[in-house]
Every structure is written in C-alpha cells, then in structure tokens.
K.L.:
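I have a structure I would like to understand better, so I am pasting it below and will then ask my questions one at a time.
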Amino acid sequence: PEGKPLMSVVLIDDGTSVTAGSAGLAALRSFPYPLSFAVDSTLPDAAERVETYREAGFEVLALVDLPQGAQPSDAETAFAATLDRIGPVVGVLEGTQSGFQGSRALADQVTDILAQSGHGLVTQDKGLNTMPKLARKAGVPADPVFRDFDSKDQTARVIRRFLDQAAFKAGQEGAVIMLGRLRPDTVSALLLWGLQDRASDVALVPISAVFIHRRLCRAGAELGEVKDRVAFVDDRQNGTPNKNARRIGQQFGLFFAKGVRHDGKQIALGHRLTFGAEGAQQPSRRGAEPMGRGADIGRAAGAGDALGGQ
C-alpha cells in the first residue's frame, strides 16, 4: 500500500523438502503475504529448486559463501560458475558462514560482478554495513539483513517479537529485510504474525520491491546532486555557458544533455539510464552508451525525458 514502509522476508532453503509438510509449496502458495527464498548454491539440485520456486510464483536469491581467505580472483570464478549454473535469480544473498566481506578488495570485486550482471545484493549485518552502502553507489541495489530471526532455533514468540522490531525499524529506514529458514516452526510464526496489528504497519513485499526502492532512493539522491551542481553553475557563472550544464548532466547519466533555461535557472535536459526486468542497466533511446551513475526508473513507470534541476 502506498505510503507504508517495506518489509521483505527471505527464507533460506538449505536442502530440506520444498514439496511436503507445513513448510512445503502447497502451504506457501496460500500464504497471506509474499515470501522470497534463498537457495544454497552448493546444493547439487540448486537449479531445480530455483525453478520449482519460480514456477510457483516466488522470487529467488542465490545464497553464496566464499571460502575463508578468498581473493578477488576466486570471487570472479565462483560467481561466474554459480550464476550460470543456478539459473535466473533476482539477486545474491551473502551466506551466513564466511560470506564475502572478508576484505575490501573481495567485497569490491563482488560488487563489480553484480553491477555487470544486473543482480541485487543482500548482505549479512556486519559492522557499519559498508559493503551495501558502497554497492549502492556503484549502481547495485543492495541492503543488509536487519535481523536473522531464527538462526538459534528461536521460539515462535521470540520470532514474532523480532518481526515487531523490524516493522518499527522499517518505519525509520523505509525498508528492511528479515532472514529466516524454511522450517515449519518459522513458517507458523510468520503466519501468526501476519495476522497481528503490527503487520499492518508495513507493506510485506518480495525482495525485488526492496531493490527497486533502493534504486529509486539512489536516483532521487543523484537528482538532488544534479540540482545542486546545476545551481552551482547558475550561481557562480550567472547561468551563461550552456556547456557547463551539459557537462554536469552527462556526469550524472544524462544523454544528449544540453543546457537550457527554465524558471530562471540553468538546467540540464536529456535521457537517462533505465533498468530491464532483471535489473540490468540498459541504455536509453538513440543508442546512447551508458555514462555516469544515473538511473531513471521513473521513465520505466511512464515518465518521459529526465530533467535535472528546477
């Protein structure tokens, strides 16, 4: 619903059955709100599991753990093999063991890989959560897990309390991701919580909605930077040289940018990047090559040419 903060619940499938019992697909299809799943990429039938969830209408992440002490070159090899083998997924979930935040170089390499592949990123909550912050700056929709709510076999009562806390956090941050496991007790706790009043404070969404939210936030922040930079040109140079507005617009992803006057301001007008269904960057019209960090998701929602400044 419009105006509500977002919460996405991701459940890890570590190899248990996805077809039988209270945590099987028959029960999950009738769940009152969307769930997303993360399939352990080391499972021999990982690709089949991904396809099973996708055919049932669920969004899927690939859970990836790199070995302790892995180097950037190891990430390149591992991700290429994993993403090719596991099939279509909307993003990658950092594993709960060694993960891939062991070093800045390793984290940067993973970010570069996902920026090229167009996948989103969910990291484990670690320190100041530097990796997802830098990933968003690099154009990768990324968010850390707010809480892993059943990793220690927590009771249903404790799980519901964690979910209440997450709903409050979502109101502060705009969106949160909760992580659990595909277990009968967890599914039961999620079902009961969904019937409580606190659940109505948030929009329970699939993981792609959080990714889109982050893209929109990033695009809005960059548009603000464009406005600031264009205003700087207007204030310092009296808005006369159009080439400055053109140059600034290009730096922020505007194509065929040109300086124009609008309401007494020097602004930059042009086309921006859009994103395809799988999140991959696509150039806008007229065959322009992608430039800068900009991303205009508004155009995908029906907006026309991007406009920097006011």
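Only this structure's heavy atoms are used, side chains among them; waters, hydrogens and symmetry mates stay out. Keep in mind that this is a model prediction, so the values were computed, not measured. We number each residue from 1, following the sequence as shown.
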K.L.:
Quick one: does any side-chain atom of Thr82 pair with a main-chain N or O of Ala78 as donor and acceptor, under 3.5 Å?
P.N.:
yes
K.L.:
Is there a continuous path of hydrophobic side-chain contacts, each under 4.5 Å between heavy atoms, that joins Phe162 to Phe168?
P.N.:
no
K.L.:
For residues Ser98 and Gln68, is any side-chain donor paired with an opposing acceptor at under 3.5 Å?
P.N.:
no
K.L.:
To the nearest 0.5 Å, what is the distance between CG on Asp148 and CG on Asp125?
P.N.:
10.0 Å
K.L.:
If you define the side chain from C-beta out and look only at heavy atoms, does anything of Leu61 sit under 4.5 Å from Ile207?
P.N.:
yes
K.L.:
Checking Asp84 side chain against Ala81 main chain: does a donor-acceptor pair fall under 3.5 Å?
P.N.:
no
K.L.:
Going from CD on Gln71 to CG on Leu66, what distance comes out if it is rounded to the nearest 0.5 angstrom?
P.N.:
11.0 Å
K.L.:
Classify the ring geometry of Tyr53 against Phe37: parallel below 30°, tilted from 30° to 60°, perpendicular beyond 60°.
P.N.:
parallel
K.L.:
Just do the salt bridge (charged side-chain N to carboxylate O under 4.0 Å, His left out) check on Arg136 and Asp143 with the steps written out, would you?
P.N.:
CA-CA 8 Å; Arg136 289 197 290 267; Asp143 233 23; 3.1 Å; yes
K.L.:
Where the side chain of Ser200 meets the backbone of Gln196, is there a donor-acceptor pair that is under 3.5 Å apart?
P.N.:
no
K.L.:
Indicate the atoms forming the closest heavy-atom contact of Ala203 with Lys4, along with that distance.
P.N.:
N-CB, 3.9 Å
K.L.:
Taking OH in Tyr33 as the centre, count heavy atoms belonging to other residues, nucleotides or ligands within less than 6.0 Å. Is the count above 12?
P.N.:
yes
K.L.:
I'd like to know if Arg183 and Asp153 make a salt bridge, using a cut-off of under 4.0 Å between side-chain N and carboxylate O.
P.N.:
yes
K.L.:
If you measure from the Lys or Arg side-chain nitrogens to the Asp or Glu carboxylate oxygens, is any gap between Arg104 and Asp108 under 4.0 Å?
P.N.:
yes
K.L.:
So, Asp65 side chain and Gly99 main chain: donor-acceptor pair closer than 3.5 Å or not?
P.N.:
yes
K.L.:
Would you find a donor on one side and an acceptor on the other, under 3.5 Å apart, between the side chain of Lys169 and the backbone of Val176?
P.N.:
no
K.L.:
Is the shortest heavy-atom distance from the side chain of Leu190 to the side chain of Phe149 under 4.5 Å?
P.N.:
yes
K.L.:
With the side chain counted from C-beta on, respond yes when Val92 and Leu83 share a heavy-atom pair under 4.5 Å apart, and no when they do not.
P.N.:
yes
K.L.:
Specify the closest pair of heavy atoms between Gln109 and Pro72, including all atoms of both residues, with the distance to one decimal.
P.N.:
CG-O, 3.3 Å
K.L.:
Are Thr111 and Leu134 close enough that some pair of their side-chain heavy atoms sits under 4.5 Å apart?
P.N.:
no
K.L.:
Donor-acceptor pair, Gln124 side chain versus Glu94 backbone, under 3.5 Å?
P.N.:
yes
K.L.:
Could you report the tightest heavy-atom contact between Leu63 and Ser41, atom names first, then the distance?
P.N.:
O-OG, 2.8 Å
K.L.:
Can a donor-acceptor pair be found, under 3.5 Å and without considering hydrogens, that links the side chain of Ser188 to the backbone of Pro184?
P.N.:
no
K.L.:
Can you confirm whether Leu121 sits close enough to Met131 that some side-chain heavy atom of one is under 4.5 Å from a side-chain heavy atom of the other?
P.N.:
yes
K.L.:
Verify the neighbour count for atom CG of Leu128: are there more than 12 heavy atoms of other residues, nucleotides or ligands below 6.0 Å?
P.N.:
no
K.L.:
Can you tell me how far CZ of Arg215 sits from OG of Ser208, rounded to the nearest 0.5 angstrom?
P.N.:
11.0 Å
K.L.:
Does atom CD (Gln172) have a neighbourhood of more than 12 heavy atoms from anything else shown, all under 6.0 Å?
P.N.:
yes
K.L.:
Looking at the rings of Phe100 and Phe79, which for Trp means the six-membered one, are their centres under 6.0 Å apart?
P.N.:
yes
K.L.:
Just jot down the side chain to side chain donor-acceptor pair (under 3.5 Å) partners of Arg147, sequence neighbours excluded, or say none.
P.N.:
Gln165
K.L.:
Any side-chain heavy-atom pair from Ile159 and Trp193 closer than 4.5 angstrom?
P.N.:
no
K.L.:
Charged N to carboxylate O below 4.0 Å: is that the case for Arg181 and Asp13?
P.N.:
no
K.L.:
For the residue pair Ser36 and Pro206, what are the closest heavy atoms and their distance?
P.N.:
OG-CA, 3.5 Å
K.L.:
Distance-only, no hydrogens or angles: does the Glu76 side chain make a donor-acceptor pair with backbone N or O of Asp74 under 3.5 Å?
P.N.:
no
K.L.:
One thing to verify: whether Arg198 and Asp201 come together as a salt bridge, which I'm taking to mean a side-chain N less than 4.0 angstrom from a carboxylate O.
P.N.:
yes
K.L.:
With no hydrogens and no angle check, is any side-chain donor or acceptor of Ser8 less than 3.5 Å from a backbone partner on Val205?
P.N.:
yes
K.L.:
Quick one: closest heavy-atom pair of Ile113 and Ala75, and the distance?
P.N.:
CD1-O, 3.6 Å
K.L.:
Would you give the length of the straight line joining atom CG of Asp150 to atom OG1 of Thr186, rounded to the nearest 0.5 angstrom?
P.N.:
3.5 Å
K.L.:
Side chains of Leu216 and His213: closer than 4.5 Å at any heavy-atom pair?
P.N.:
no
K.L.:
Do Val122 and Val10 come within less than 4.5 Å of each other through their side chains, counting heavy atoms only?
P.N.:
no
